[in-house]
Amino acid sequence: MAMAMHWFSLCCFVLLSLAPLAAVAWRPWPPRNGSGEVEGIGASKKFEGSSDFVKLQYHMGPVLAADITVHPIWYGRWPAEQKRTIRAFLRSLSPPGSGSGDGGIPSPSVAAWWRTVRLYTDQTSANVSGVVRLGREKGDARASRGGRLTRLDIQSVVRDAVTARTRPLPVDSSGVYLVLTSPEVVVENFCGQVCGFHYFTFPSVVGYTLPYAWVGNSAARCPEVCAYPFAIPSYVGGGRRAEAPPNGDVGVDGMVSVIAHELAELASNPLANAWYAGEDPSFPTEIADLCEGIYGTGGGGAYTGQLLTDGRSGASYNVNGVGGRKFLVQWVWNPILSYCSGPNALDQ
């Protein structure tokens with residue numbers, strides 16, 4: 001145990017010297033070229049089948065190979081229905097009975113989407129875990145650290161949750177701490193450069209090295225940026241209409257895809273030294289970054305790809321979850337096929 005803690009401390013020191021705080025970030029809207037126009041499939045390196053452009057490499061660090069427990073931290077005011085939607089997605093990653101299938105959930109399923117993430121291994125050939133559990137939760141409805149947070153403040157929110165006097169979250173060796181901020185909370189660079197990010201906590205701030213992610217609800221500020229394609233940026237022409245969200249909530253349905261993105265990258269690159277493309281760990285291109293804006297076959301540029309449509313609500317989705325829920329989540333890079341893939345692909 002002492003050796004393990006020393007290794008983590010050394011790892012943190014080395015990475016701190018290399019990387020700015022929470023350098024890993026993502027935003028889902030379609031890319032633009034230098035003239036401000038939406039790039040087409042041919043102009044983007046992040047489209048389906050882009051294996052010739054991608055040099056994804058393993059950098060010898062760990063992946064989350066032990067059973068994963070996700071501990072949500074609800075920062076700000078969260079209505080019960082919004083919490084239920086996000087919990088349902090997290091429970092759908094490995095639902096009861098999914099050891100021999102998808103737990104009775106119709107195809108394509110969230111669990112099948114996670115199986116692509118499971119393809120990533122560490123230097124011992126251990127895969128990312130197929131078990132992802134919803135753990136204990138912590139709420140901070142008063143937003144005790146205020147309504148404006150820096151990136152480093154997110155780590156303090158995690159510290160508050162694990163050191164709380166009443167019902168603290170456990171310091172979990174296989175835990176992932178998911179900080180979710182409500183629409184009234186402003187996080188540094190939110191909407192402008194970032195919709196979510198992941199990193200690991202610093203012992204100097206939290207007392208432990210813990211993988212964590214942050215995702216914000218963009219409904220009141222920038223749904224066209226962070227909840228795409230449920231809201232469309234003004235620069236997308238052609239009279240493009242927004243897709244209808246499968247759970248009836250633009251902000252939360254948009255968050256689900258960002259949560260999926262960050263969890264996939266957290267599992268495959270928890271300490272910023274495992275799976276990513278590029279030579280600079282300060283600015284890695286990770287397994288979900290490579291598939292930015294792709295949700296179905298043919299996706300790329302401003303086109304999401306082919307989606308499924310709910311016959312009753314008309315909402316767009318690409319995966320099924322527990323309790324009859326449906327979600328729209330972006331694809332991730334498949335290291336075996338060397339292109340972006342998802343369970344709703346037409347060739348599955």
Side-chain angles (χ1 to χ4, degrees), residues 26-30 46-48 81-82 84-93 95 102 105-117 132 180 195-196 213 215-219 222-233 236 240-265 287-334 340-346 348:
W26 177 69
R27 45 191 187 176
W29 70 84
K46 298 176 181 176
F47 64 89
E48 184 190 11
E81 179 55 31
Q82 293 184 336
R84 281 193 287 268
T85 298
I86 292 174
R87 288 183 188 124
F89 173 72
L90 296 174
R91 290 189 176 110
S92 299
L93 291 165
D102 291 343
I105 295 172
S107 179
S109 69
V110 177
W113 174 86
W114 186 255
R115 282 199 284 274
T116 301
V117 182
V132 185
L180 304 168
C195 302
V215 178
N217 188 327
S218 65
C222 59
E224 74 285 356
V225 173
C226 293
Y228 175 84
F230 305 124
I232 303 298
V236 176
R240 171 75 183 277
R241 297 180 60 182
E243 305 290 345
N247 295 284
D249 189 317
V250 168
V252 170
D253 276 300
M255 287 184 76
V256 165
S257 189
V258 184
I259 290 169
H261 178 116
E262 298 303 335
L263 288 179
E265 295 183 340
I287 69 169
D289 298 324
L290 291 168
C291 304
E292 178 182 300
I294 299 175
Y295 302 83
T297 298
Y303 178 48
T304 59
Q306 297 193 40
L307 308 179
L308 302 172
T309 302
D310 187 304
R312 291 184 297 177
S313 68
S316 297
Y317 72 101
N318 62 358
V319 286
N320 293 287
V322 298
R325 295 272 190 171
K326 302 179 188 300
F327 305 100
L328 182 65
V329 298
Q330 70 146 98
W331 286 5
V332 294
W333 188 261
N334 186 312
C340 300
S341 68
N344 60 310
L346 295 183
Q348 292 288 323

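With Asn247 contributing its side chain and Asp253 its backbone, the two residues share no donor-acceptor pair below 3.5 Å. Judged by distance alone, the side chain of Gln82 and the main-chain N or O of Val252 form no donor-acceptor pair under 3.5 Å. A donor-acceptor pair is defined here as one N or O able to donate and one able to accept, closer than 3.5 Å; no such pair exists between the side chain of Gln330 and the backbone of His261. Side-chain N or O atoms of Trp331 include one that pairs as donor or acceptor with a backbone N or O of Tyr295 at under 3.5 Å. Between the side chain of Thr116 and the main chain of Val332, no donor-acceptor pair closer than 3.5 Å is present.
Leu90 has its side chain within reach of Ile259: a pair of non-hydrogen atoms, C-beta onward, lies under 4.5 Å apart. Contact check for Arg325 versus Arg84: side-chain heavy atoms found under the 4.5 Å cut-off. A heavy-atom distance below 4.5 Å is not found between the side chains of Ser257 and Leu328. Residues Val319 and Pro343 have side chains in contact (heavy-atom distance under 4.5 Å, counting atoms from C-beta outward). Here the side chains of Phe230 and Pro223 are not in contact, with every heavy-atom distance at 4.5 Å or above. Contact of the Asn318 side chain with the Pro108 side chain is not registered, since no non-hydrogen atoms from C-beta on lie closer than 4.5 Å. For the pair Asn320/Lys326, a side-chain contact is recorded, criterion being any heavy-atom separation below 4.5 Å from C-beta on.
Contact record, Thr297 with Ala345: OG1-CA, 3.4 Å, taken as the closest heavy-atom pair. Heavy-atom minimum distance, Ile232 versus Tyr228: CD1-CE1, 3.9 Å. Heavy atoms only, all atoms of each residue included: Phe327 and Gly321 are closest at CE1-CA, 4.0 Å. Contact between Pro246 and Ala315 at its shortest, heavy atoms only, is CA-CB, 3.5 Å. Residues Ala219 and Gly251 share a closest heavy-atom pair of CB-CA, 3.8 Å. The two residues Ser92 and Pro95 make their nearest non-hydrogen contact at O-CD, 3.2 Å.
Atom-to-atom distance recorded for Glu265:CD and Asp289:CG is 4.0 Å, nearest 0.5 angstrom. Here Ser341 contributes atom OG and Arg115 contributes atom CZ; the two are 11.5 Å apart, rounded to the nearest 0.5 Å. One finds the OH atom of Tyr317 at 8.0 Å from the OG1 atom of Thr309 (value rounded to the nearest 0.5 Å). We find the CZ-CE distance between Phe89 and Met255 to be 11.5 Å, quoted to the nearest 0.5 Å. Remark: Asp249 CG to Thr85 OG1 distance equals 6.5 Å, nearest 0.5 Å. In this structure, the separation between OG1 on Thr304 and CZ on Arg240 is 5.5 Å, given to the nearest 0.5 Å.
The closest side-chain donor-acceptor pair between Trp113 and Asn344, if any, does not fall under 3.5 angstrom.
Exactly one of Leu263, Val256, Val258 qualifies for a side-chain contact (heavy atoms from CB on, under 4.5 Å) with Val329. That residue is Val256.
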